[in-house]
Q: 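For reference, the structure I am asking about is given below.
A quick note: this is a predicted structure, and the numbers were derived from the prediction, not measured. Order of the sequence lines sets the chain letters (A, B, ...), proteins ahead of strands, with each chain counted from 1.
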Amino acid sequence: MRKEAEGRKGNLDYVRPEIFPDENDVKKATEQGKPITVRFAVPQTEQIVVQDMVRGEISFAAGEIGDFIILKSDGFPTYNFACVVDDYLMKITHIIRGQEHLNNTPGQQVLWQTLFPDIPLPKYAHMSVTISDTGGKLSKRERPTALRKAIKAPQEIDLEALAAAGDIGRDELDSFISGKTTPDMPNIDAMAKHLDVALPEINIVDFFKNGYLPETMVNFLALLGWNPGDNREIMPVEELTKAFDLSRLSKSNSLFDRQKLLAFNTEHIKMISAEKLLLHFKSYLKAIVSPIASADDELLSIIIKLCEGARTLAQIEQKSEFLFVDNDKIKFDDKAVKKVLLKSDGLAILAIVREKLAAMNELTEQGIEDMLRGLAEEKQVGLGKIAQPLRVAICGTTISLPIFDSVRLLGKENTLKRIDNTLKKFQTQT
RNA sequence: GGCCCCAUCGUCUAGGCAGGCCUAGGACACCGGGUUUUCAACCCGGCAACAGGGGUUCGAAUCCCCUUGGGGCUACCA
């Protein structure tokens, strides 16, 4: 390792001086106010061979690795220097990291060998990189990029309102749209929400907020670039830990497949214990600030149970949110209204259902089922024809908990009130 | 541009290092059918790959070379 004072303009390729600067040169440079950096003199006459646990021998030609800076002019060490010292201090035995670090390795290795000649080199393992479906490696920049694309899509967007929603200035928004700058993630998220566009999940919190289980993520991520060698895929974490083995890391890059992730999540929701699922669901509700968060454990457990087969916690939330909304605050989904209420005799059937429900003393699942099935038979139609108008009336959408349970949980009074509201609201539109 | 890594169904991958057991296995997706009160879930069936070209060998998905393709790195950032 030698010190050297670097010339003022360092934009040219660095050429090692014939004679290394000494203390005097440093002093002189300092007095003249010149910035000083320290470089590591990398041996230039022989090739550097790195032993990698997944890729085997990787060689770099002699002279390929230049003298890199280890101490910046501000006095701080660079990453490549600091991490070698760190690894030594922490007695690191295995360095397992992404392939993007492969090219840092020869430099770090030589540094280690010079600094700590008596300490064996850590073992290196460079894992494959996970590629996003948009091309490059999975990067947090994808979210702003996706948002920008959505803004640029051919449609009318109130930019003033958008800037306000994102809590940024209009000029800041313009700068973002033109690709010059990028606002912070919370602002990005707020704008995405305002425009109702889904940004790709990148950070682990993104997945969490979209209803994925931690167990799912661990399992899925583990299987990217690794596999147990048999046909097992969906595994509890303990099993995964037992099966894991560095020697089975694969060399080729993998693509992050969100559909498969969804399938994994579906399986894990089925697999984990009811207690764990309840805990996950509760923290999910808190994180997205759902009105359902106010429900007690008993009710939440019932809801979860009714959502057997759900793919994400978000689906469970969506299906049961209607139970926690005021009767007159139901948001009606246009498509649902058109399809089941306004088309054919949806409203007429709803009116009949209302009377039959009103006539019932007590709402039990069995009672509701018998009533609806009886009506379907009487009318010579499928149960769907009867159930769907009712569903839309009380939920605003065609997607909810099973209808009998929905009605029972909502209660007679609320159900009737919602039916009345619905009839009043849409009767004029037929 | 330079350097490095990689290459089996659309996707994740098994098999490759120890060539014949591979008419290439599984999973997701997709397509058909069933079940069904919505969305899911579930059941049955189906489609689908060794990037191309040269070698080596009795024999290659498996070993070697080239081409092509993909990815990474290329900061006084970490």
Q: Between B:rG25 and B:rG16, how far is it from one C1' atom to the other, in whole Å?
A: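 It comes out at 15 Å once rounded to the nearest Å.
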
Q: Does a side-chain N or O from A:N253 land closer than 4.0 Å to OP1 or OP2 of B:rC6, or not?
A: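 No, A:N253 has no side-chain N/O under 4.0 Å of OP1/OP2 on B:rC6.
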
Q: Main chain of A:T216, side chain of A:N265: is a donor-acceptor contact present, judged purely on distance under 3.5 Å?
A: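 Answer holds: no.
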
Q: Which whole-number value in Å describes the distance from A:L409 CG to B:rU37 P?
A: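 After rounding, the reported distance stands at 19 Å.
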
Q: Applying the Watson-Crick and G-U wobble criteria at under 3.5 Å, what pairs with B:rA7? Answer none if nothing qualifies.
A: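 In the structure as shown, B:rA7 has B:rU68 as its Watson-Crick or wobble partner.
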
Q: Does A:E100 reach a base, just sugar-phosphate, or nothing at all? Heavy atoms under 4.0 Å.
A: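 Touches sugar-phosphate only.
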
Q: With nearest nucleotide decided by heavy atoms, which residue, A:S250 or A:I131, maps closer to the 5′ end of RNA chain B?
A: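 In this pair, the answer is A:S250.
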
Q: Could you tell me how far apart A:L249 (CG) and B:rU13 (P) are, to the nearest whole angstrom?
A: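 Atom CG in A:L249 sits about 11 Å away from atom P in B:rU13.
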
Q: So, does A:D296 use its side chain to make a donor-acceptor pair with the main chain of A:L299 at under 3.5 Å?
A: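 Yes.
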
Q: Say you pick atom C1' in B:rG54 and the same atom in B:rA18; how far apart are they, in whole Å?
A: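 Each nucleotide's C1' atom is 26 Å from the other's.
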
Q: Provide, to the nearest angstrom, the distance between the CD1 atom belonging to A:I70 and the P atom belonging to B:rA78.
A: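 Going from CD1 in A:I70 over to P in B:rA78 covers 13 Å.
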
Q: Any donor-acceptor pair under 3.5 Å between the side chain of A:K319 and the base of B:rC39?
A: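 Check passes, donor-acceptor contact within cut-off.
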
Q: Any Lys/Arg nitrogen of A:K270 or A:E267 sitting under 4.0 Å from an Asp/Glu carboxylate oxygen of the other?
A: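 A:E267 and A:K270: salt-bridged.
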
Q: For A:G225, report the nucleic acid contact type (base, sugar-phosphate, nothing); a contact means any heavy atom under 4.0 Å.
A: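 Sugar-phosphate, no base atom in range.
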
Q: What nucleic acid atoms does A:R97 come within less than 4.0 Å of, heavy atoms only: base, sugar-phosphate, or nothing?
A: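 No contact at all - A:R97 keeps every heavy atom at 4.0 Å or more from the nucleic acid.
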
Q: Using a heavy-atom cut-off of under 4.0 Å over every strand shown, decide if A:R55 touches base, sugar-phosphate, or nothing.
A: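 Sugar-phosphate: the residue A:R55, judged by heavy atoms under 4.0 Å, touches backbone atoms but no base.
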
Q: Determine the interatomic distance between P on B:rG59 and the same-named atom on B:rG19; round to the nearest Å.
A: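 My reading of the P atoms in B:rG59 and B:rG19 gives 15 Å.
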
Q: Under 4.0 angstrom, heavy atoms only, what part of the nucleic acid is A:Q99 near: base, sugar-phosphate, or nothing?
A: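 Result for A:Q99 = base.
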
Q: For B:rA41, take OP1 and OP2 only and decide whether either is under 4.0 Å from a side-chain N or O of A:R311.
A: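 A:R311 to B:rA41 OP1/OP2: side-chain N or O found under 4.0 Å.
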
Q: Can you tell me how far P of B:rA78 sits from CG of A:N80, to the nearest Å?
A: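 It works out to 9 Å between those atoms.
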
Q: Mind checking A:L224 for me? I need base, sugar-phosphate or nothing, with any heavy atom below 4.0 Å counting as a touch.
A: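 It contacts sugar-phosphate atoms only.
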
Q: Which nucleotide, if any, forms a Watson-Crick or G-U wobble pair with B:rG59, using both distances under 3.5 Å?
A: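 Checking every strand shown, B:rG59 finds no partner, since no pair has both distances under 3.5 Å.
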
Q: Could you measure between the two P atoms, the one in B:rG71 and the one in B:rC28, and give it in whole Å?
A: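 The answer is 28 Å between these two P atoms.
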
Q: Measure the distance from CZ on A:R232 to P on B:rA27 and round it to the nearest whole Å.
A: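 Atom-to-atom, A:R232 to B:rA27, this comes out as 15 Å.
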
Q: A:R373 side chain N/O closer than 4.0 Å to the phosphate oxygens (OP1, OP2) of B:rU37?
A: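 For B:rU37, OP1/OP2 do have a side-chain N/O of A:R373 under 4.0 Å.
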
Q: Whole angstroms only, please: what is the CZ-P distance between A:F264 and B:rA29?
A: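 It is 11 Å, rounded to the nearest whole Å.
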
Q: Take atom CG of A:D67 and atom P of B:rC76, then tell me their distance rounded to the nearest Å.
A: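 Answer to the nearest Å: 13 Å.
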
Q: Got a donor-acceptor contact below 3.5 angstrom from the A:R55 side chain to the A:K251 backbone?
A: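 A pair under 3.5 Å: yes.
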
Q: Does any nucleotide pair with B:rC73 by Watson-Crick or G-U wobble geometry, both distances under 3.5 Å, and what is it?
A: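 B:rC73 is paired, partner B:rG2.
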
Q: So, is A:K270 close to the B:rA40 phosphate, meaning a side-chain N or O under 4.0 Å from OP1 or OP2?
A: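 Checking A:K270 against B:rA40: no side-chain N or O falls below 4.0 Å of OP1 or OP2.
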
Q: Hey, does A:S400 reach any base, or is it just sugar-phosphate, or nothing, if we go heavy atoms under 4.0 Å?
A: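 A:S400: base contact, heavy atoms under 4.0 Å.
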
Q: Report yes if a donor N or O on one partner sits less than 3.5 Å from an acceptor N or O on the other, where the partners are the side chain of A:K260 and the base of B:rA27; otherwise report no.
A: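 When only heavy-atom distances are counted, A:K260 does reach the base of B:rA27 through a donor-acceptor pair under 3.5 Å.
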
Q: Does this structure show an ion pair linking A:K329 with A:D326, if we count only N-O contacts that are shorter than 4.0 Å?
A: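 Judged by the 4.0 Å cut-off on N to carboxylate O distance, A:K329 and A:D326 do form a salt bridge.
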
Q: Would you call the rings of A:H101 and A:Y79 parallel, tilted or perpendicular, taking 30° and 60° as the class edges?
A: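 Taking A:Y79 first and then A:H101, their aromatic rings sit tilted (interplane angle of 30° to 60°).
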
Q: Could you check which nucleotide pairs with B:rC31 in any of the strands shown, counting Watson-Crick or G-U wobble with both distances under 3.5 Å?
A: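 When the pairing criteria are applied, B:rG45 turns out to be the nucleotide that pairs with B:rC31.
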
Q: Quick check: on RNA chain B, is the nucleotide nearest A:L261 upstream (toward 5') of the one nearest A:D257, or the reverse? Name the residue that is more 5'.
A: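 The residue whose closest nucleotide sits nearer the 5' end is A:D257.
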
Q: Look only at the side chain of A:E201 and the backbone of A:K209, and say whether a donor-acceptor pair between them is shorter than 3.5 Å.
A: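 The answer is no, because no donor-acceptor pair under 3.5 Å joins these two groups.
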
Q: Calculate the interatomic distance between A:L221 atom CG and B:rC12 atom P; express it in whole Å.
A: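 So the two atoms are 15 Å apart, to the nearest Å.
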
Q: Using a heavy-atom cut-off of under 4.0 Å over every strand shown, decide if A:T398 touches base, sugar-phosphate, or nothing.
A: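 The residue A:T398 makes base contact.
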
Q: Categorize A:D230 for me: base, sugar-phosphate, or nothing, with a 4.0 angstrom heavy-atom threshold over every strand shown.
A: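 A:D230: no heavy atom of the nucleic acid under 4.0 Å.
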
Q: Please pick, from B:rU37, B:rC3, B:rA78, the nucleotide with the shortest atom-to-atom distance to any side-chain atom of A:F60.
A: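 Closest nucleotide to the A:F60 side chain: B:rC3.
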
Q: Counting any heavy atom closer than 4.0 Å, what does A:S73 reach on the DNA or RNA strands: base, sugar-phosphate only, or nothing?
A: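 Answer is base: heavy atoms of A:S73 come under 4.0 Å of a base.
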
Q: For B:rC30 versus B:rC66, give the span between their P atoms, rounded off to a whole number of Å.
A: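 Rounded to whole Å, the distance is 41 Å.
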
Q: For the P atoms, the ones on B:rG52 and on B:rA61, what distance do you get once it is rounded to whole angstrom?
A: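 About 11 Å, rounded to a whole number of Å.
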
Q: Does A:F404 reach a base, just sugar-phosphate, or nothing at all? Heavy atoms under 4.0 Å.
A: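 Base, at least one base atom sits under 4.0 Å.
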
Q: Where is the tightest heavy-atom contact between A:L313 and A:F281, given as atom of each residue plus distance?
A: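 So the minimum-distance heavy-atom pair works out to O-CE1, 3.7 Å.
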
Q: Roughly how many Å apart are B:rC47 and B:rC31, using the C1' atom of each and rounding to a whole number?
A: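 Those two atoms are separated by 7 Å.
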
Q: Counting only N and O atoms by type, is there a donor-acceptor contact under 3.5 Å from the side chain of A:N253 to the main-chain atoms of A:T130?
A: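 Here the side-chain-to-backbone pair does not exist.
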
Q: Regarding A:I403, tell me which of base, sugar-phosphate or nothing describes its non-hydrogen contacts under 4.0 Å with the strands shown.
A: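 Here A:I403 touches the bases of the nucleic acid.
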
Q: B:rG45 and B:rU56: how far apart are their C1' atoms, nearest whole angstrom?
A: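 44 Å, rounded to whole Å.
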
Q: Checking all strands, does A:E233 fall into the base, sugar-phosphate, or nothing category for heavy-atom contacts under 4.0 angstrom?
A: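 A:E233: base contact, heavy atoms under 4.0 Å.
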
